[in-house]
Each structure stands twice: as structure tokens, then as C-alpha cells.
Peer 1: 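Following this message is one structure expressed as C-alpha cells.
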There are 2 protein chains.
Amino acid sequence: MITGELDLCEVNLINAAMVRQAQGQMLDEATATRLADLFQALADPTRVRILSALWVGELCVCDLAATLGMSQSAISHQLRTLRQLGLVRRRKDGQVVYYSLDDEHVSGLFSQGLEHVRHQTDMP
Amino acid sequence: MITGELDLCEVNLINAAMVRQAQGQMLDEATATRLADLFQALADPTRVRILSALWVGELCVCDLAATLGMSQSAISHQLRTLRQLGLVRRRKDGQVVYYSLDDEHVSGLFSQGLEHVRHQTDMP
DNA sequence: TGAATATATGAGCATGCATTCATATACTAG
DNA sequence: CTAGTATATGAATGCATGCTCATATATTCA
């Protein structure tokens, strides 16, 4: 058992070689944060429902609000989040703003996540 | 322009047919919540780093703590979250508990998310 | 048995976030 | 220009969550 060489914590090491290997493999802080931010965008039921509603095609804000049964303001705030992460696209037509799915990766993430969720039989 | 038929909000509809279609396509509340919970598990830099560290193979709690440079308590709390969502597996050997990746969907989600993040050139 | 070590966990705290409310902006119609 | 409508957004609020600290549990070793 080897004493930790990190000054950040006083934890002991079980397998120093594995730790070094893991440190090399592990995502750096910045990349981990950006990846976490992406998943964070999908980590809310309202945003998930918005994205699944946009599957049928572009929808304007008020139709999205009606579809979800939520206020225009709440939907608009969430669309801002989705837009900032590049998951939805805007198209303005007069005073109506249409939103649609922007990223092809989203569909992959979405279906893969759904597959995971639907294969879970023991979830509460 | 048709007045909304939902009593939940007083929003007007632009395209009632699209709204009905979107309502049929949209994930139901329960499924959306479970999907959001899954993504929530990946929506934290610490958990992302833990999962990417476990890519090299199973690691015990204190080696994970050393790898991330964080306290044993913080890591243990996060591992609990990951375990409850079925993303990591436990193996106890004496007083040491080894964790490893549990779900094959995780790797898919992970790499797809990474691909998204790495193709973004305009992110801050 | 008793000391040491690895892990788990409850409480407390600080921060983040989803919604509401009020209001601002932008466009259209008259 | 004025009224009306669609959307955006800042402030406030209630709730969730990540970390620390202290401590409990479990296992090993002497």
C-alpha cells in the first residue's frame, strides 16, 4: 500500500499503476465539463419532451407551449438553453419563430438513451 | 389562428394539426422523466470523469479518489448515484470495493456525446 | 479483542436551475 | 402611428444537488 502522491487529498492508493493509467485515460476537466453540459441539456423532462415533439418537424414557440401544456415563458427559456447548446435551430417567419432539431448527434443520443431506459425492467 | 383548446395555458395555436401530431409523437411524462434521469447521471463533470477513468477497467474507491484528486466521500456519493442508475457495477474484495462500467449503452452514449462535443468549434 | 483501514452515509451548506411573473422587443395589421 | 400578437428575458422563488464534515459500518491484522 503506497501513500498517495497527490497533495489534493490524503487518500492511499491500492494500485498506483492503475491510477496512472486511469489518469491518462480520463477526460480532462474542460472536456468533461463540456460533455456534462451537453448531457445536462437532456437532463430535464421538459427539454426531453420538447425535443421529442420536434421530431415531427419544426414547431413555433406557442405550438410547443400548447403541445406540452406549459407556459410560453417556460418553453422560451428552455428553448434558449437548447439553442445555446446547438441542439435546436431557429427560423423566423414574420413574428413567428420556428424551432427544429439541429444536430444529428441528438437523435443518436436520444435513441440510445431511450433504448437504455426501455430495457430497464427494475426501475421504479 | 385557432384559440387553444387546452385549459392549462391560454396560448394560441398556429398550426393545430401539427400540435396534435406532435402530441402523439412526444414522449409521455413518465418516459421523459426516466430518460432525463439517465442523462442527469451523465450531467456532472465529476461523474463523467469517473466513468472515463473506469474505461481502463475496474478501480476501487480510493484509487478513483486519487485519480480524480477528490475526497473519498465525494467519490463515494457520486458512485452511489451511478450505481442507482445501473451505470456502474460493484465488486467487493475484502474491505476494498471495486467499481466498473456496467452498461453497454453507456459507452455508446459517451462516445456519441464526445463526438458532438469535439465537433463543436465555437464553444467557449 | 482492539487498532487500523476502506467504504458508506446523514446533516448542513452553498450553488444551480426550472418555473412564474412582469415586462421588453419585434413584427403585423389596420 | 396604434393596437394586437409572438417571442424573449430579467428578477424572484422554491427545490434539487454536489461537496464537506463527522461518523457509522465492515473487514483485516496484530
Peer 1: Just how far, in rounded Å, is C1' of C/dA6 from CG of B/Asp63?
Peer 2: 11 Å
Peer 1: What is the distance, to the nearest angstrom, from the CG atom on B/Leu82 to the C1' atom on C/dT7?
Peer 2: 16 Å
Peer 1: In whole angstrom, give the distance that lies between atom CD of A/Gln84 and atom P of D/dA8.
Peer 2: 12 Å
Peer 1: Any side-chain N or O of A/Arg80 below 4.0 angstrom from OP1/OP2 of D/dA8?
Peer 2: no
Peer 1: How long is the line joining CD1 of B/Ile75 and P of D/dG18, in whole Å?
Peer 2: 12 Å
Peer 1: Hey, are the side chains of B/Gln78 and B/Thr81 touching, using non-hydrogen atoms and a 4.5 Å cut-off?
Peer 2: yes
Peer 1: Please list all pairs passing the ring-ring contact (aromatic ring centres under 6.0 Å, His included) test where one or both residues lie in residues 59-82 of chain A, with sequence neighbours left out.
Peer 2: none
Peer 1: List the residues meeting salt bridge (charged side-chain N to carboxylate O under 4.0 Å, His left out) with A/Arg91, not counting sequence neighbours, and say none if there are none.
Peer 2: A/Glu58
Peer 1: Whole-Å distance between D/dC19 P and B/Leu64 CG?
Peer 2: 13 Å
Peer 1: Between B/Leu79 (CG) and D/dG18 (P), how many Å, whole number?
Peer 2: 13 Å
Peer 1: Measure CD1/B/Ile50 against C1'/C/dT7 and give the value in whole Å, please.
Peer 2: 14 Å
Peer 1: I need the full list of ring-ring contact (aromatic ring centres under 6.0 Å, His included) pairs touching residues 44-73 of chain B, with sequence neighbours left out, sorted by first then second residue.
Peer 2: B/Trp55-B/Phe110
Peer 1: Restricting to salt bridge (charged side-chain N to carboxylate O under 4.0 Å, His left out), what partner residues turn up for B/Arg89, sequence neighbours left out?
Peer 2: B/Asp102
Peer 1: Could you list the residues that satisfy salt bridge (charged side-chain N to carboxylate O under 4.0 Å, His left out) with A/Arg47, not counting sequence neighbours?
Peer 2: none
Peer 1: Does a nitrogen or oxygen in the side chain of B/Arg90 sit under 4.0 Å from OP1 or OP2 of C/dA8?
Peer 2: yes
Peer 1: Any idea which heavy atoms bring A/His116 and B/Leu87 closest together, and the distance?
Peer 2: CE1-CD2, 4.0 Å
Peer 1: Figure out the CZ/P separation between B/Arg83 and C/dT9, and round it to whole Å.
Peer 2: 6 Å
Peer 1: Report yes if at least one side-chain N or O of B/Tyr99 is closer than 4.0 Å to OP1 or OP2 of C/dA6; otherwise report no.
Peer 2: no
Peer 1: How does each nucleotide of nucleotides 17-30 of chain C score, in 5' to 3' order, for protein heavy atoms under 4.0 Å: base (B), sugar-phosphate only (S), or none (-)?
Peer 2: -SSBBB---SBS--
